[in-house]
Amino acid sequence: MQIGVPRERKTLEQRVAITPAGALSLIKLGHSLLIEQGAGEGSSFTDKDYREAGCKIVKTLAEVWSNVDLLVKVKEPDLSEFQFFRPELILFDFLHLASLPELAQELLNNKVTAFAYENLKTSDGRLPLLEPMSVVAGKLSILNGAHLLLSQHGGRGVLLGGAAAAPPAKVTIIGAGIAGHAACATALGMGAQVTVLDISAEKLTKLSHEFPNVQTALSTSESLAHGCAGVDLLIGAVLIPGASTPRIITAEMIRSMGPRAVFVDISIDQGGCSETSRATMLDNPTYLVDGVIHYCVCNMPAQTPRTSTLALAEATLPYIIKLAEQGPAKILRSAPEMKHALTCFHGKLTNKLTAEALGMPYSK
Ligand SMILES: NC(=O)c1ccc[n+]([C@@H]2O[C@H](COP(=O)([O-])OP(=O)(O)OC[C@H]3O[C@@H](n4cnc5c(N)ncnc54)[C@H](O)[C@@H]3O)[C@@H](O)[C@H]2O)c1
């Protein structure tokens, strides 16, 4: 197959979908790769590295999109890339269509075969292509939150770990999944007082065995209200795969945190978990609601492109190889996890929860 990797277009997004080592593996299997000039630079991979692996470097976005069977990227296509959608094209990347109706419509109108990283699910219920980025975003949520709590950034002037005679900061994390777990471990490592809420008793039990100092509670409107009141740093790490994030945090709960507290909504990429959440970009990541600093960036791992690229590309490569070797029809029979990832096919939405979120018809 001819495989294309463009330079990412989202603001300050510097991850790249395939590393030179990954490209070499594909080339050895007889595939050819077009890489847009400079695509790997932000992740410290030069055009020379890709050329030495056997890739062809092309100068324009049009060249990389127009001449390939399989287009692999990190984030969902940018508006400037919609013009290249066509029926023969296979797209493999993060899509988050539940919160992007315009992109969904364009993919369907142009009959693109689109597989979404975030929906790829193994038989044991894991989301192996979302996981590495959730780990990175979970860790970063505490770093970003701690930074915003500093007084010069508008925060309360509270240090997560506190000091002698000064109590540690209170951190509440909603969601005990992959991102929530990473946030919890990082916040504890920095000495914060941590509470975690989830609807899964099993996940909370596991977490409290691993971290006996963490307070846990089942997520209900009462426990959420209690978990938000007066807290210094609130982290949203909720997910219902494929669906829009449920907006379980009310404006009143946000108000109850008090001025100059910080809310980091990791789950903003699926729409956000608070009534007050709206997506922001890395170049202007925050806004205030009732004096509470909101940080709602959909591509948090772009802040550490080298780490994030290595972690993501390692997870995606086996599936890129399978897709290139087998094509969509065969892979749907041989790899059931790719069936979950298939989101648009022959002009139809093939993920039920995404279709429901968008109010569009679903097709099996
Ligand atoms: N912003 C970013 O840059 C970025 C990066 C990576 C991942 N994410 C997003 O982070 C979110 C979390 O991802 P994850 O991999 O940790 O998912 P996960 O499935 O591992 O965990 C999600 C958790 O949310 C819990 N949950 C569902 N409904 C809940 C409710 N009402 N109250 C409390 N908990 C509830 C689930 O039980 C689960 O434990 C997703 O939306 C993902 O797309 C964002």
Side-chain angles (χ1 to χ4, degrees), residues 10-13 15 74-76 94-100 116-122 124-141 143-145 172-185 195-207 216-225 227-228 234-250 253 263-274 277-282 285 294-305 307-308 311-312 315 340 353-354 357:
K10 205 173 178 86
T11 307
L12 293 178
E13 180 57 74
R15 285 172 285 179
V74 178
K75 286 305 284 180
E76 70 278 354
F94 283 118
L95 281 173
H96 301 293
L97 291 189
S99 58
L100 297 170
Y117 287 169
E118 71 275 14
N119 292 338
L120 192 144
K121 188 155 85 179
T122 53
D124 57 359
R126 285 183 46 231
L127 303 169
L129 305 191
L130 182 62
E131 269 178 22
M133 295 303 91
S134 291
V135 170
V136 171
K139 290 179 180 176
L140 284 171
S141 69
L143 297 192
N144 290 134
T172 293
I173 299 165
I174 321 286
I178 302 296
H181 178 278
C184 175
T195 302
V196 180
L197 286 78
D198 201 293
I199 48 171
S200 161
E202 194 189 331
K203 284 195 180 173
L204 292 176
T205 308
K206 239 174 117 185
L207 199 77
T216 57
L218 271 179
S219 170
T220 62
S221 44
E222 289 76 29
S223 64
L224 286 167
C228 291
L234 177 68
I235 308 291
V238 170
L239 176 67
I240 297 178
S244 295
T245 324
R247 299 211 144 197
I248 53 176
I249 305 193
T250 63
M253 292 176 195
F263 170 44
V264 178
D265 194 353
I266 308 177
S267 30
I268 190 66
D269 55 351
Q270 292 282 128
C273 66
S274 168
S277 300
R278 63 175 164 80
T280 55
M281 295 288 185
L282 273 173
H294 284 52
Y295 179 101
C296 300
V297 172
C298 295
N299 58 334
M300 293 173 67
Q303 295 172 94
T304 51
T307 301
S308 302
L312 180 63
H340 293 287
L353 290 177
T354 304

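For ligands, and for the atoms within them, numbers begin at 1 and follow the listed sequence.
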Original post:
Of all heavy-atom pairs between A176 and L204, which one has the smallest distance, and what is that distance?
Top reply: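 Nearest heavy atoms, A176 then L204: CB-CD2, 4.2 Å.
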
Original post:
Atom CD1 in I178, atom CE in M133: separation rounded to 0.5 Å?
Top reply: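 So the gap between those two atoms works out to 12.5 Å.
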
Original post:
How many angstroms lie between CG in N119 and NE2 in H96, if you round to the nearest 0.5 Å?
Top reply: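 So the CG of N119 and the NE2 of H96 are separated by 8.5 Å.
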
**OP:** Return the set of residues passing ring-ring contact (aromatic ring centres under 6.0 Å, His included) with H181 (not counting sequence neighbours), or none when no residue passes.
**Re:** F211

**OP:** Check for a donor-acceptor pair, side chain of R278 on one end and backbone N or O of C296 on the other, with a separation under 3.5 Å.
**Re:** no

**OP:** Using a cut-off of 6.0 Å, state whether more than 12 heavy atoms not belonging to K75 lie near its atom NZ.
**Re:** yes

Give every pair formed by an N or O atom of ligand 1 and a protein N or O atom closer than 3.5 Å, one pair per line with both atom names and the distance to 0.1 Å, or write none.
unit_1, atom_1, unit_2, atom_2, d
ligand 1, 1 (N), I266, O, 2.9
ligand 1, 1 (N), V297, O, 3.0
ligand 1, 3 (O), C298, O, 3.1
ligand 1, 3 (O), M300, N, 2.7
ligand 1, 8 (N), D269, OD2, 3.2
ligand 1, 15 (O), S134, OG, 2.7
ligand 1, 16 (O), I178, N, 3.2
ligand 1, 16 (O), A179, N, 2.8
ligand 1, 20 (O), I178, N, 2.9
ligand 1, 24 (O), L239, N, 3.2
ligand 1, 32 (N), S219, OG, 2.8
ligand 1, 37 (O), D198, OD1, 2.6
ligand 1, 39 (O), D198, OD2, 2.7
ligand 1, 39 (O), K203, NZ, 3.0
ligand 1, 41 (O), D269, OD1, 3.2
ligand 1, 43 (O), D269, OD1, 3.1
ligand 1, 43 (O), D269, OD2, 2.7

